Visitor: 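I have a structure here, written as structure tokens, and I will follow up with some questions on it.
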Amino acid sequence: MPFTKTKYFIQTIGCQMNSYDSSLYEDILQQHGMIPASTSQEADFIIINTCAVRDKSVQKAASAIGRIHHRKVKKPSILLCVVGCASDLLAKLSHHNAIDYLHGALNSTQVDSDFLLFLKEQGFSSDSTPSFTPTQTHPKELSKYIPIIFGCDSFCTYCIVPYVRGREKSRPVNAILRDVEQSLQEGVKEIILLGQNVNCYGKDLHPSILFSELLDQVSSNPDIQRLDFLTSHPREFNKDLLEIVRRHNTIVKRFHFPVQHGDNEILKKMKRGYTAEEYLEKISWIRSYFPHASITTDVIVGFPGETTLAFDNTLALMEQVRFDSVFGAVYSPRPGTKAATFDNHVSPMISKDRLNILLTTQKRIAKTNLQRFLHQTCKVFVLHTSGQKGIGKTWEDRLIQFPLPSTSIPQPGDIVHVSVDCVQNFTLQGQLVHF
């Protein structure tokens with residue numbers, strides 16, 4: 001198989017950490033002379049990066065493996081790699097004979113040496129010049145994930161992440177700062193610091209360092225245009241972090257703050273480490289520092305033992321916090337987790353009904369929330385420019401559209417200011433003020 005003509009396709013399922021892992025594989029494939037395909041149907045080298053957090057994610061990967069298996073029957077030269085958190089499980093459930101390479105989550109800033117050996121065995125050789133080079137006017141990436149901590153020590157009873165990604169391991173400060181500087185030199189405009197729980201960063205380092213201190217150091221780089229971080233566990237969240245966010249205007253004013261539930265008994269069974277009242281207190285901290293900040297969250301419905309009253313407590317918390325977006329999901333038992341052994345499971349029909357109620361409630365709240373931006377001038381990070389329309393995101397991470405001027409058109413990655421005049425389909429609309 002001529003390596004200069006091989007097309008690859010990477011299907012990423014799951015979280016931002018999986019997206020980062022996929023970017024590592026993509027860099028290696030390009031260094032070995034491959035070029036990206038638009039779809040898996042066009043590719044001869046396919047990577048499926050899997051997620052084990054919910055059964056739906058596992059089944060999605062299993063379906064993809066099945067489709068590629070049928071293609072391989074007609075074209076055996078197709079290579080299929082299954083990687084990520086659910087790889088071992090899928091090798092048992094799916095068409096394992098179709099899988100040419102199998103590996104779990106990386107939990108590192110490099111692919112494993114066995115993947116490089118696999119490529120060599122298949123006849124691919126490394127080339128110092130990638131065969132696919134982005135244009136200078138459109139960098140390969142406007143935004144880039146930079147992991148700061150791998151793994152998780154929380155062991156929430158429903159979550160499989162600590163079992164598939166391991167215990168918490170912080171990266172050295174110098175390594176992170178070096179990655180940030182290199183990314184900026186490559187044309188990246190937005191840096192997103194990544195971890196299952198960024199607030200636990202640095203506890204295992206010697207000497208130890210707080211996440212807020214790391215954020216301060218990263219923010220001090222004058223070339224950063226926009227800085228974000230994911231995800232904050234409410235248990236370790238503190239005001240030191242808010243002080244740093246206030247100090248640096250490059251840091252976004254959006255906090256992804258997973259509550260998971262609004263009932264104290266369920267939170268205790270989940271082993272979240274806080275009560276609804278403690279969570280609400282920390283929400284009040286954020287509001288006191290940044291009244292217009294966006295707050296997003298994750299919510300699980302149908303957790304074992306969830307009564308109607310418990311679910312109503314979640315709805316009440318949503319009404320009180322007024323989240324800007326909610327990633328809602330029905331509880332999915334994960335093999336090996338403590339919650340998988342719990343009794344009093346909620347029926348799928350009731351869980352689905354509750355999820356629909358939750359999402360309907362959130363849709364109403366989100367639409368109302370956007371009104372706070374009306375007649376405000378927002379700082380905007382430009383994402384796309386097409387025809388006569390520009391699309392960007394505010395520093396509160398809300399999408400915004402604006403007509404482009406006839407001259408001096410802003411480019412992706414530029415920072416502009418837009419005066420908001422209306423809301424349409426959950427997207428802000430406005431007029432370009434200046435950039």
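Nothing here was measured: the structure is a model prediction, and the numbers come from that model.
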Visitor: Just do the salt bridge (charged side-chain N to carboxylate O under 4.0 Å, His left out) check on D55 and R334 with the steps written out, would you?
Guide: CA-CA 8 Å; D55 184 63; R334 299 289 80 208; 3.8 Å; yes
Visitor: Might you work through the salt bridge (charged side-chain N to carboxylate O under 4.0 Å, His left out) test for R246 and E243, ending with a clear yes or no?
Guide: CA-CA 5 Å; R246 182 162 61 181; E243 289 287 353; 3.3 Å; yes
Visitor: Can you establish whether the number of heavy atoms outside E42 located under 6.0 Å from its atom CD is more than 12?
Guide: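 Yes, the 6.0 Å shell around CD holds more than 12 heavy atoms from other groups.
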Visitor: Please evaluate residues Y331 and E306 with respect to the criterion side chain to side chain donor-acceptor pair (under 3.5 Å), reporting the C-alpha separation (whole Å), side-chain torsions for both, the decisive distance (0.1 Å), and the verdict.
Guide: CA-CA 10 Å; Y331 168 70; E306 182 188 64; over 6 Å; no
Visitor: Taking all non-hydrogen atoms of both residues into account, name the closest pair between T385 and L404 and its distance.
Guide: CB-CD1, 3.9 Å
Visitor: Can a donor-acceptor pair be found between the side chains of D114 and Y101 at a distance below 3.5 Å?
Guide: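 A pair is found: one side chain offers a donor N or O, the other an acceptor, under 3.5 Å apart.
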Visitor: Once rounded to the nearest 0.5 Å, what's the spacing between atom CD1 of I224 and atom CD1 of I251?
Guide: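 Between atom CD1 of I224 and atom CD1 of I251 there are 8.5 Å.
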Visitor: Using modelled atom types and a 3.5 Å cut-off, is there a donor and acceptor pairing between side-chain atoms of S170 and backbone atoms of G202?
Guide: yes
Visitor: Should we count NZ of K379 as having more than 12 external heavy atoms under 6.0 Å?
Guide: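 Yes.
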Visitor: Establish, from distance only, whether the side-chain atoms of Q110 and S108 form a donor-acceptor pair under 3.5 Å.
Guide: no
Visitor: Is it true that E168 and N197 share a donor-acceptor pair across their side chains at a distance under 3.5 Å?
Guide: no
Visitor: So does E190 pair up with K393, basic N to acidic O under 4.0 Å?
Guide: yes
Visitor: Determine whether S294 and F255 satisfy the following criterion, side chain to side chain contact (heavy atoms under 4.5 Å, CB included), listing intermediate values before the conclusion.
Guide: CA-CA 6 Å; S294 290; F255 299 86; over 6 Å; no
Visitor: Can the positive tip of R226 be found less than 6.0 Å from the middle of the six-membered ring of W395, inside 45° of the ring normal?
Guide: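 Yes, R226 lies over the aromatic ring of W395.
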Visitor: Between R171 and D179, is there a salt bridge with N-O shorter than 4.0 Å?
Guide: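 A salt bridge is present here (some side-chain N lies under 4.0 Å from a carboxylate O).
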Visitor: Would F257 and F323 count as a ring pair (Phe, Tyr, Trp, His ring centres under 6.0 Å) if you check the C-alpha gap in whole Å, the side-chain angles of each, and the deciding distance to 0.1 Å?
Guide: CA-CA 10 Å; F257 210 53; F323 294 109; 8.8 Å; no
Visitor: Please check if the side chain of S351 supplies one atom and the backbone of P348 the other of a donor-acceptor pair under 3.5 Å.
Guide: no
Visitor: Applying side chain to side chain contact (heavy atoms under 4.5 Å, CB included) to I28 and L119, what does each step give before you reach the verdict?
Guide: CA-CA 10 Å; I28 293 298; L119 292 176; 3.6 Å; yes
Visitor: Go through the steps to decide whether F327 and H256 satisfy the test ring pair (Phe, Tyr, Trp, His ring centres under 6.0 Å), and finish with yes or no.
Guide: CA-CA 10 Å; F327 300 90; H256 187 60; 5.6 Å; yes
Visitor: Apply the test side chain to side chain donor-acceptor pair (under 3.5 Å) to residues N97 and H69: give CA-CA distance (whole Å), side-chain angles for both, the deciding distance (0.1 Å), then the verdict.
Guide: CA-CA 8 Å; N97 291 332; H69 169 74; over 6 Å; no
Visitor: Measure the shortest side-chain to side-chain distance between V173 and Y201 over non-hydrogen atoms and say whether it is less than 4.5 angstrom.
Guide: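 Answer yes - side chains close enough.
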Visitor: Under the ring pair (Phe, Tyr, Trp, His ring centres under 6.0 Å) rule, what do Y163 and F155 come out as? Steps first, then yes or no, please.
Guide: CA-CA 9 Å; Y163 303 99; F155 287 93; 5.5 Å; yes
Visitor: From I350 CD1 over to H345 NE2, what is the distance, rounded to the nearest 0.5 angstrom?
Guide: 13.5 Å
Visitor: Can you tell if the side chain of I391 reaches within under 4.5 Å of the side chain of F402, non-hydrogen atoms only?
Guide: no
Visitor: State plainly whether the residues K75 and D44 are in salt-bridge range, i.e. N to O under 4.0 Å.
Guide: yes
Visitor: Among side-chain atoms of N49 and S22, is any donor-acceptor pair under 3.5 angstrom?
Guide: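 Yes - a donor-acceptor pair under 3.5 Å links their side chains.
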Visitor: Could you go through I191 and D228, starting from their C-alpha distance and side-chain angles, then the distance that decides it, and tell me whether this counts as side chain to side chain contact (heavy atoms under 4.5 Å, CB included)?
Guide: CA-CA 6 Å; I191 299 295; D228 199 357; over 6 Å; no
Visitor: Examine the side chains of Q182 and E186 and answer whether a donor and an acceptor come within less than 3.5 Å of each other.
Guide: yes
Visitor: So that I can tick it off, tell me whether E181 and R178 are bridged by a salt bridge, with the cut-off set at under 4.0 angstrom between side-chain N and carboxylate O.
Guide: no
Visitor: Nearest 0.5 Å please: distance from the CD1 atom of I149 over to the CE atom of M17.
Guide: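 Answer rounded to 0.5 Å: 8.5 Å.
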Visitor: Below 30° counts as parallel, above 60° as perpendicular, anything between as tilted: where do the rings of Y158 and F303 land?
Guide: perpendicular
Visitor: Check the pair S154, R235 against side chain to side chain donor-acceptor pair (under 3.5 Å), reporting the backbone distance first and the verdict last.
Guide: CA-CA 10 Å; S154 294; R235 185 183 56 227; 2.9 Å; yes
Visitor: Going from OG on S77 to CD on Q122, what distance comes out if it is rounded to the nearest 0.5 angstrom?
Guide: 10.5 Å
Visitor: After noting the C-alpha distance and the side-chain angles of F124 and L79, does the key distance pass the side chain to side chain contact (heavy atoms under 4.5 Å, CB included) rule?
Guide: CA-CA 12 Å; F124 298 99; L79 294 173; 3.9 Å; yes
Visitor: Quick one: are Q260 and C156 in side-chain contact, heavy atoms under 4.5 Å?
Guide: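 No, too far: nothing below the 4.5 Å cut-off.
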Visitor: Cation over ring, K7 on F45, under 6.0 Å and within 45°?
Guide: no
Visitor: Mind checking the OG1-CD spacing from T231 to Q196? Nearest 0.5 Å is all I need.
Guide: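 Nearest 0.5 Å value for the OG1-CD distance: 7.5 Å.
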Visitor: Side chains of N107 and K169, heavy atoms from C-beta outward: is any pair under 4.5 Å?
Guide: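 Side-chain contact under 4.5 Å: no.
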Visitor: Looking at every heavy atom in both A105 and R165, which two are closest together, and how far apart are they?
Guide: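 So the minimum-distance heavy-atom pair works out to CB-NH1, 3.6 Å.
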Visitor: Less than 4.5 Å apart, any side-chain heavy atom of T275 and any of E278?
Guide: yes
Visitor: Looking only at heavy atoms, what is the nearest atom pair of A276 and G262, with distance?
Guide: CB-O, 3.7 Å
Visitor: In terms of heavy-atom contacts, does CZ of R54 have more than 12 from other residues, nucleotides or ligands at under 6.0 Å?
Guide: no
Visitor: Looking at D100 and K72, is any side-chain nitrogen of the basic one under 4.0 Å from a carboxylate oxygen of the acidic one?
Guide: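 Yes, K72 and D100 are salt-bridged.
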Visitor: Measure from the side-chain N and O atoms of S325 to the backbone N and O of T296, and report whether any donor-acceptor pair falls under 3.5 Å.
Guide: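 Not at all, since once roles are kept as given, no pair shorter than 3.5 Å links the two residues.
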Visitor: So, is the end of the K282 side chain (NZ or CZ) under 6.0 Å from the ring centre of F237 and within 45° of the ring's axis?
Guide: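 K282 over F237 ring: no.
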Visitor: Taking atom NE2 of H70 and atom CD1 of I65, what is their separation to the nearest 0.5 Å?
Guide: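 One finds 12.0 Å between NE2 of H70 and CD1 of I65.
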Visitor: What is the ring orientation for Y274 with H233, classed by angle as parallel under 30°, tilted 30 to 60°, or perpendicular over 60°?
Guide: perpendicular
Visitor: Any side-chain heavy atom of I48 sitting closer than 4.5 Å to one from T50?
Guide: yes
Visitor: Is any side-chain heavy atom of R398 closer than 4.5 Å to a side-chain heavy atom of L370?
Guide: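 R398 reaches L370 side chain to side chain.
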Visitor: Is the distance between the ring centroids of Y8 and Y25 under 6.0 Å?
Guide: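 Judged by ring-centre distance (under 6.0 Å), Y8 and Y25 do not meet the cut-off.
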Visitor: Is there a side-chain contact between V301 and T314, using heavy atoms and a 4.5 Å cut-off?
Guide: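 No; the side chains remain at least 4.5 Å from each other.
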Visitor: For G328 and L355, work out which heavy atoms get closest and say how close.
Guide: C-CD1, 3.7 Å
Visitor: Would you find a donor on one side and an acceptor on the other, under 3.5 Å apart, between the side chain of T361 and the backbone of I357?
Guide: yes
